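Please read the structure below before turning to the comments.
Quick caveat: nothing in here was measured; it's all calculated off a predicted structure.
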Amino acid sequence: MPSPHPPEFRRRAVELARQGDKPLVQLAKDLGISRSCLQNRVSQADADDGQSGESGRLTSTEKKELAELRRRNRQLETENEIFKRAAAYFARENVFPK
């Protein structure tokens, strides 16, 4: 699902939060988003910029790669199941020749 705010809005919100002129709660209210949404964006930006230390949070690139690998894994599992069923079908056909 696409984000309701454009990337520039998200970048600017993170910049404002990092400046620390206002508390996150007030800044989020001014921007019309929730505090947790703003905090998540700041945390993700920190991870993307390598500033999060040992938080264990994935970067955006890593998240995209993980999603692609999971999608590919599901596809391969489906194909593998099809091959198993086909092998069982043909094995059964060879046991009982017509």
Pairs in or reaching into residues 20-38: which pass salt bridge (charged side-chain N to carboxylate O under 4.0 Å, His left out), with residues at least two apart or in two chains? K22-D30
Can you tell me if Q44 and N40 form a side-chain donor-acceptor pair at under 3.5 Å? no
Checking D48 against T59: is there a side-chain donor and acceptor pair closer than 3.5 Å? no
Tell me, please, which residues at least two apart from [X] pass salt bridge (Lys or Arg N to Asp or Glu O under 4.0 Å).
{"X": "E15", "answer": "R12"}
{"X": "R72", "answer": "none"}
{"X": "E79", "answer": "none"}

Grouping ILVMFWY residues whenever side-chain heavy atoms fall under 4.5 Å, the cluster of L58 otherwise contains L66
In Å and rounded to the nearest 0.5 Å, what is the CZ to CG distance from R11 to L16? 13.0 Å
Which pairs pass ring pair (Phe, Tyr, Trp, His ring centres under 6.0 Å) with one or both residues in residues 9-32, sequence neighbours excluded? H5-F9
Would you please name every residue forming a side-chain hydrogen bond (donor to acceptor under 3.5 Å, both in side chains) with [X], sequence neighbours left out?
{"X": "Q19", "value": "none"}
{"X": "R70", "value": "none"}
{"X": "S36", "value": "S34"}
{"X": "N73", "value": "E77"}

side-chain contact (heavy atoms from CB on, under 4.5 Å) partners for E68, two or more places apart: R71
Using side-chain contact (heavy atoms from CB on, under 4.5 Å) as the criterion, list what pairs up with A17, not counting sequence neighbours. L24, L27, L38, V42
